[in-house]
A.B. asks: 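Here it is, the structure in full.
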Amino acid sequence: AGRAPIADILSLYGKAGIAYLSDDGAVLVNGNEVASGSSDSEDLALGGGLQWDLGAFGIRGEAVWVDAEDADKAMM
C-alpha cells in the first residue's frame, strides 16, 4: 500500500494483494441434490482511491479490482 499527498488533507492511495476466493454450490431438483461442486482460488487484487484526513480520522473512497478467473463459470 502506498499514499501520495495531493494537498494537506487529501491524498491518493493504492494497494495490491491476493484475494482468497471459495465457493460451494449445489443443484436441487424437487428438494433433492442432483449435483454439487466447489471452487477455491487465489487471485490478484488491486485497489486505489482518495483519502480525506480529518485529524485522527479520515474518510476514504476506494475501488477494488479482483482478477477472479473462474467467476463467470457455472458449476455443474
Side-chain angles (χ1 to χ4, degrees):
R3 286 178 45 171
I6 298 174
D8 289 340
I9 61 170
L10 195 62
S11 59
L12 289 172
Y13 71 92
K15 58 184 177 179
I18 301 293
Y20 298 96
L21 307 171
S22 176
D23 65 5
D24 296 313
V27 177
L28 301 177
V29 176
N30 295 327
N32 299 314
E33 185 176 315
V34 295
S36 65
S38 65
S39 175
D40 296 320
S41 66
E42 297 174 1
D43 300 302
L44 176 66
L46 301 173
L50 198 60
Q51 180 169 321
W52 182 30
D53 295 317
L54 303 169
F57 299 97
I59 297 174
R60 232 180 218 191
E62 71 176 46
V64 177
W65 173 79
V66 178
D67 183 25
E69 294 181 18
D70 294 331
D72 61 347
K73 296 179 183 175
M75 292 187 310
M76 285 199 167

A.B. asks: Just verifying a value: how many Å separate Gln51 CD and Tyr13 OH, rounded to the nearest 0.5 Å?
C.D. replies: 7.0 Å

A.B. asks: List in chain and number order the residues that pass salt bridge (charged side-chain N to carboxylate O under 4.0 Å, His left out) with Arg3, two or more places apart in sequence or in another chain; answer none if no residue qualifies.
C.D. replies: Asp53

A.B. asks: Can you list everything that forms a side-chain contact (heavy atoms from CB on, under 4.5 Å) with Phe57? Sequence neighbours excluded, please.
C.D. replies: none

A.B. asks: How would you list, by chain and number, every residue that makes a side-chain contact (heavy atoms from CB on, under 4.5 Å) with Val66, sequence neighbours excluded?
C.D. replies: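 By the side-chain contact (heavy atoms from CB on, under 4.5 Å) rule, Val66 matches Ala19, Leu21, Asp43, Ala45, Val64, Ala68.
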
A.B. asks: Which other residues belong to the hydrophobic cluster containing Leu46, where Ile, Leu, Val, Met, Phe, Trp and Tyr are joined when side-chain heavy atoms lie under 4.5 Å apart, directly or via other members?
C.D. replies: Leu44, Trp65

A.B. asks: Going by heavy atoms in the side chains, are Glu62 and Lys15 under 4.5 Å from each other?
C.D. replies: yes

A.B. asks: Taking side-chain contact (heavy atoms from CB on, under 4.5 Å) as the test, write out the residues that go with Val29, two or more places apart.
C.D. replies: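 side-chain contact (heavy atoms from CB on, under 4.5 Å) list for Val29, sorted by chain: Val34.
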
A.B. asks: Does Ile59 sit in a hydrophobic cluster with other residues, and if so which ones, taking ILVMFWY side chains as linked at heavy-atom separations under 4.5 Å, directly or through other members?
C.D. replies: Ile6, Ile9, Leu10, Leu12, Leu50, Trp52, Leu54

